[in-house]
Number of protein chains: 2
Amino acid sequence: MPSATPAKKPYAPRLPAAERREQLLDAAQRIALERGFHAVSVDGVAKACGVTRPVVYGVFEDRTAMLAALFARGEERALAGLARVFPAIPGPGDDVDPDDLLLQGITAYLQTVSADPDTWRIILVPPEGAPPELEQRVNAQRRVMLRTLRGLLDWGLPRRGGPPVDPDLFARAVFTLAEGAARLLLVDPERWRVEQFTDFTRTALAALGPGVRPPG
Amino acid sequence: MPSATPAKKPYAPRLPAAERREQLLDAAQRIALERGFHAVSVDGVAKACGVTRPVVYGVFEDRTAMLAALFARGEERALAGLARVFPAIPGPGDDVDPDDLLLQGITAYLQTVSADPDTWRIILVPPEGAPPELEQRVNAQRRVMLRTLRGLLDWGLPRRGGPPVDPDLFARAVFTLAEGAARLLLVDPERWRVEQFTDFTRTALAALGPGVRPPG
DNA sequence: CTGTGTTGCTACATGTATGTAGCAATGAGG
DNA sequence: CCTCATTGCTACATACATGTAGCAACACAG
């Protein structure tokens, strides 16, 4: 019969620093998604790993550094996925339909988001209490993506003809709608499928202006 | 950072409860917009009004109630402005162009937002640290607006002809784009004008499908 | 001038999270 | 079996915001 008085914590399994670090970041991300960033306390993350606070401070300078590491890891993963979304601008010899290019880009984006939902939830549906650094990092990448998209549209819009839309606003609209679709996929994955959005996009593009080039 | 309230140590001007309440809410909103909701502490709000904490507790039950009051006031103001945005669904006798209806609604929405930017910044660009209750209230109103918009589109889409778009997704797309435009107006009012978005919308609508009904 | 209630202030008690110092357990190598 | 660097734990000190109790100043009625 164990004496109940001391109530000492049994030793948690010992891990090398690198593994512990990943485990802590996984826990921090899970807590952030489930209960918001305010719940991502050093103590909370430690407890979630069955460990105490000093262990966390052995890996990260402080709470801010821990969150920064979480964002850095997320950014890295997101950018790795995005590499396939933006195609290179086709050269003069290439025979590419601008509408197909856009449609494939959007599809690739939505599939990328669906393939790593937790990473993208942090970015596109940030949980309560997200520190300002997160929004700054995300917005910085948004600007990069928007510029890239704008470059592709500057190539594609004159080639497909169609209405004389403001290319800047058109780029922003496409971007906003793509993120909106991604949010729906992330928030209610049971209800939405990537194809619904690609179908909608295809219909909308077909209806816009002179339409898709005739095949052949 | 001007403190705007010189009287610190000596007695602050005495105010009746109702006036004090408005003053405290104004201060809370200003702090939230400038430094985020985490800076909206009972102490911070009190200091901003040149007053001490117990004065705040004399008006609001606690910090949560103070924020709830701020959100309630903002919701009230926003809904008052929105009353003019959504027109009634035209009857069989009325001769209304669906595209005009949509264009006027979007214009009215963007003008409403521009007319009371601070209220709408809380809603559309919530500062850091916003409590979950805010998002819940805003999302509840979003659902109402989306349903209303959907009703109007169910009336208008068959009347204007055009591509066979999914009406639900189309309503969401319009809503998302309108909020995106409003965000641009709020975040960078120097750069953006309502007309840029109405022009864009007009061009896009004109390009979509069979186009505007011929006049006459 | 002088009561008298209202409004605001000082001071305290509490709760929660951060970050640190020093001790204890573990387990691989001799 | 013993050594000892590594890893984790207990306990403390600190900071900050909340919420409360009781006192002090003001303004107006008489």
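Just so we're on the same page: letters track the sequence lines, and every chain starts at 1.
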Integer-rounded Å distance: dT7(C) C1' and Arg21(B) CZ: 18 Å

Electrostatic pair Asp188(B):Arg172(A) at N-O distance under 4.0 angstrom: no

Sugar-phosphate only, base, or nothing, as touched by Thr52(B) at under 4.0 Å among non-hydrogen atoms: base

Distance-only donor-acceptor check, side chains Gln23(A) and Arg20(A), under 3.5 Å: yes

Which nucleotide in dT18(D), dC12(D), dG8(D) has an atom nearest any side-chain atom of Arg53(A): dC12(D)

Heavy atoms from other residues, nucleotides or ligands near CD of Glu34(A) exceed 12 (cutoff 6.0 Å): yes

Interatomic distance, Tyr57(A) OH vs dC12(D) P [rounded to whole Å]: 18 Å

Side chain of Asp43(B) - closest among dG19(C), dT20(D), dT18(D): dT18(D)

Asp26(A) bridged to Arg73(A) by N-O distance under 4.0 Å: yes

Gap between atoms NE2 and C1', on His38(A) and dG15(C) respectively (whole Å): 15 Å

Which nucleotide in dG19(D), dG19(C), dG8(D) has an atom nearest any side-chain atom of Val55(A): dG8(D)

Closest listed nucleotide, where the reference is the side chain of Val42(B) and the choices are dG19(C), dT20(C), dT18(D): dT18(D)

Sugar-phosphate, base or nothing in reach of Arg63(A), heavy atoms under 4.0 Å: sugar-phosphate

Interatomic distance where CG belongs to Leu24(A) and C1' belongs to dT7(D) [whole Å]: 13 Å

Atom-to-atom span, NZ of Lys47(B) to C1' of dC9(C) - whole angstrom: 13 Å

Nucleotide dT18(D), atom C1' - distance to CD of Glu61(B) in whole Å: 13 Å

Touch class at under 4.0 angstrom, heavy-atom based, for Arg20(A) against every strand present: sugar-phosphate

Interatomic distance, Met66(A) CE vs dA17(C) P [rounded to whole Å]: 13 Å

Residues, nucleotides or ligands: over 12 heavy atoms within 6.0 Å of Glu22(A) CD: yes

Gap between atoms CD and C1', on Gln23(B) and dT7(C) respectively (whole Å): 13 Å

